[in-house]
Peer 1: 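Mind looking over this structure? Questions follow.
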Amino acid sequence: MARVALVTGGTRGIGRAIVERLKADGMKVAAGYSGNDAVAEACAKDLGIMVVKGNVGHFADCQSAAERVAAELGPIDVLVNNAGITRDGVFHRMDSEQWGEVVRVNMDSLFNMTRQVIEGMREREWGRIINISSINGQKGQIGQTNYSAAKAGMIGFTKALALENAKKGITVNAIAPGYIDTDMVQAVPAKVLEGIIAGIPVGRLGRGEEIADMVAFLAGERAGYVTGSTLTLNGGQYMS
Ligand code: CAA
């Protein structure tokens, strides 16, 4: 039986690459998205996947998205918590909205989404939860106290949940991508981005497909002994 996967933020960027890869691996895949209907519809059409709209920062949206996926595709076996936003700015000028939005979407979403699927996974004694953190949750980044805090929080969540569910056939892992060639990274001021790329030993931005390959491994049957890990894919920019 094909496994069912839900990838939040799955219609663009890293998320879309993950969706494509899991679909190619034979899973039934749904992509979550929050705003851009046109992009989501195109993604659904191009890839032949289900899309579900909702804000991962809102518990009720996550509940209805998970219910819709389960009704259409079956119980969710693989959850990829990928949706994320930035609201960069130095802390001494950051307002509570910049802080709150980033923490809600990047970190509260782990509670909001994972809570929808964990009981079913425990009952079926199989599950894969993969949280897309960031290099900046590991090393910090000027202009990202909000994002770095949320992304580091994802790593703590990953470890605690992995411990709670290790005996239930459920693995919980985090991936910490470096700077990947997405809209989010291209929004960094050009001069700043130039400096960042100069500091990446491999000498280039990463590709969404490179993150997707790692997700595909963690989501598979053969990764049952990998849990509580944070896997870094950053071109050597930060070695933890
Ligand atoms: N050390 C200490 N302070 C620094 C600094 C440095 N190297 N560089 C800048 N600053 C401080 C300055 O002192 C200045 O503060 P004051 O004006 O109060 O003196 C403040 O930063 C603002 O500097 P600027 O006016 O030059 O810039 P800004 O306010 O327009 O923007 C910034 C600052 C938001 C940090 C901007 O440089 C930026 O966007 N940087 C990129 C941050 C980044 O890497 N984001 C990653 C996005 S992609 C992503 O997040 C994906 C992922 O997971 C990797």
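One-based numbering, in listed order, for ligands and for the atoms of each.
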Peer 1: For the pair F59 and F111, evaluate ring-ring contact (aromatic ring centres under 6.0 Å, His included) and give the outcome as yes or no after the intermediate values.
Peer 2: CA-CA 8 Å; F59 189 81; F111 175 80; 5.8 Å; yes
Peer 1: At a 4.0 Å threshold, what atoms of ligand 1 neighbour a non-hydrogen atom of M184?
Peer 2: 49 (C), 51 (C)
Peer 1: Using heavy-atom distances, let me know which of I132, I142, V102 sits nearest atom 10 (N) of ligand 1.
Peer 2: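 Comparing heavy atoms across I132, I142, V102, the nearest one to atom 10 (N) of ligand 1 lies in I142.
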Peer 1: Would K151 count as a contact of ligand 1 if the rule is a heavy atom under 4.0 Å away?
Peer 2: no
Peer 1: Going by the order shown, which atoms of ligand 1 are within less than 4.0 Å of some heavy atom of V185?
Peer 2: 48 (S)
Peer 1: Roughly how far apart are I135 CD1 and I175 CD1, rounded to 0.5 Å?
Peer 2: 14.5 Å
Peer 1: Look at atom 33 (C) of ligand 1 and say which protein heavy atom is nearest, naming residue and atom and giving the distance to 0.1 Å.
Peer 2: V90 CG1, 4.6 Å
Peer 1: Number the atoms of ligand 1 from 1 as they appear, then name those within less than 4.0 Å of a heavy atom of I196, with their elements.
Peer 2: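 With I196 as reference, the close atoms of ligand 1 come out as 44 (O).
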Peer 1: Considering only the protein, which heavy-atom contact is closest to atom 38 (C) of ligand 1, and what is its distance?
Peer 2: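 Protein heavy atom with the smallest distance to atom 38 (C) of ligand 1: P189 CD, 4.1 Å.
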Peer 1: What distance separates N131 CG from T230 OG1, expressed to the nearest 0.5 Å?
Peer 2: 9.0 Å
Peer 1: Could you identify the single nearest non-hydrogen protein atom to atom 50 (O) of ligand 1 and state the distance to 0.1 Å?
Peer 2: Q144 NE2, 2.9 Å
Peer 1: Rounded to the nearest 0.5 Å, what separation is found between the CD1 atom of I76 and the CZ atom of R124?
Peer 2: 8.5 Å
Peer 1: Any chance the side chains of N136 and Y179 put a donor and an acceptor closer than 3.5 Å?
Peer 2: yes
Peer 1: Give the atoms of ligand 1, by number and element, whose distance to some non-hydrogen atom of H92 is under 4.0 Å.
Peer 2: 15 (O), 16 (P), 18 (O)
Peer 1: To the closest 0.5 Å, what do you measure between CG (D77) and NZ (K28)?
Peer 2: 9.0 Å
Peer 1: Atom NZ of residue position K159 - does it have more than 12 heavy atoms of other residues, nucleotides or ligands inside 6.0 Å?
Peer 2: no
Peer 1: Using atom types as modelled, flag every donor-acceptor pair under 3.5 Å from a side chain in residues 231-238 to any protein atom, sequence neighbours excluded.
Peer 2:
residue, atom, partner, partner atom, Å
N234, OD1, G236, N, 2.9
N234, OD1, Q237, N, 3.1
N234, ND2, Y238, O, 2.7

Peer 1: Are any of the protein's heavy atoms under 4.0 angstrom from atom 35 (C) of ligand 1, yes or no?
Peer 2: yes
Peer 1: Measure from NZ or CZ of R122 to the centre of the six-membered ring of W126, then state whether that distance is under 6.0 Å and the direction lies within 45° of the axis.
Peer 2: no
Peer 1: Checking contacts now, so for atom 13 (O) of ligand 1, which I'm interested in, is there any protein heavy atom under 4.0 Å?
Peer 2: no
Peer 1: Assess R87 against W99: is NZ or CZ under 6.0 Å from the centre of the six-membered ring, and within 45 degrees of the ring's axis?
Peer 2: no
Peer 1: Quick one: does T86 get an N or O within less than 3.5 Å of an N or O on ligand 1?
Peer 2: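 No: no nitrogen or oxygen of T86 is under 3.5 Å from one in ligand 1.
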Peer 1: Any protein heavy atom sitting closer than 4.0 Å to atom 22 (C) of ligand 1?
Peer 2: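 Given the 4.0 Å limit, the answer for atom 22 (C) of ligand 1 is yes, a protein heavy atom qualifies.
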Peer 1: Identify the protein heavy atom lying closest to atom 17 (O) of ligand 1, giving its residue, its atom name and the separation to 0.1 Å.
Peer 2: R93 NH2, 3.3 Å
Peer 1: By the definition side chain to side chain contact (heavy atoms under 4.5 Å, CB included), identify the one residue from L6, V19, V7 that meets it with V80.
Peer 2: V7
Peer 1: Would you say atom 29 (O) of ligand 1 has a protein heavy atom nearer than 4.0 Å?
Peer 2: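 Answer yes: something from the protein, a heavy atom, is under 4.0 Å.
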Peer 1: Among all protein non-hydrogen atoms, which one is nearest to atom 32 (C) of ligand 1, and what is the separation to 0.1 Å?
Peer 2: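 Going by distance alone, atom 32 (C) of ligand 1 is nearest to G143 CA, 4.6 Å.
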Peer 1: Suppose clustering is done on Ile, Leu, Val, Met, Phe, Trp and Tyr with side-chain heavy atoms closer than 4.5 Å. Which residues sit in the same group as I155?
Peer 2: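 For I155, no cluster forms, as it stays isolated from other hydrophobic side chains.
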Peer 1: To the nearest 0.5 Å, what is the distance between CG (N81) and CE (M107)?
Peer 2: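 Nearest 0.5 Å value for the CG-CE distance: 12.5 Å.
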Peer 1: Return yes when I180 approaches ligand 1 closer than 4.0 angstrom through a heavy atom, no otherwise.
Peer 2: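 Under 4.0 Å: no for I180.
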Peer 1: Against heavy atoms of N136, which atoms of ligand 1 measure under 4.0 Å?
Peer 2: 54 (C)
Peer 1: Under 4.0 Å from any heavy atom of V192, which atoms of ligand 1 are there?
Peer 2: 37 (O), 40 (N), 41 (C)
Peer 1: Under 4.0 Å from atom 7 (N) of ligand 1, is there any protein heavy atom?
Peer 2: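 It does; a protein heavy atom is within 4.0 Å.
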Peer 1: Among N146, I85, T86, which residue satisfies the side chain to side chain contact (heavy atoms under 4.5 Å, CB included) criterion with E101?
Peer 2: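 Looking at N146, I85, T86, the match for E101 under the side chain to side chain contact (heavy atoms under 4.5 Å, CB included) is I85.
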Peer 1: Which of the listed options, Y147, F91, Y179, holds the heavy atom that is closest to atom 51 (C) of ligand 1?
Peer 2: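 Answer by nearest heavy atom: Y147.
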Peer 1: Can you check whether a protein heavy atom sits less than 4.0 angstrom from atom 45 (N) of ligand 1?
Peer 2: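 Given the 4.0 Å cut-off, atom 45 (N) of ligand 1 counts as touching protein heavy atoms.
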Peer 1: Which of the atoms of ligand 1 are close to S134, meaning less than 4.0 Å from one of its heavy atoms?
Peer 2: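 Within the 4.0 Å cut-off of S134, ligand 1 contributes 52 (C), 53 (O), 54 (C).
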Peer 1: Please work out whether any backbone atom (N, CA, C, O) or any side-chain heavy atom from C-beta onward of A187 is under 4.0 Å from ligand 1, and answer side chain, backbone, both or neither.
Peer 2: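 Contact part for A187 vs ligand 1: neither.
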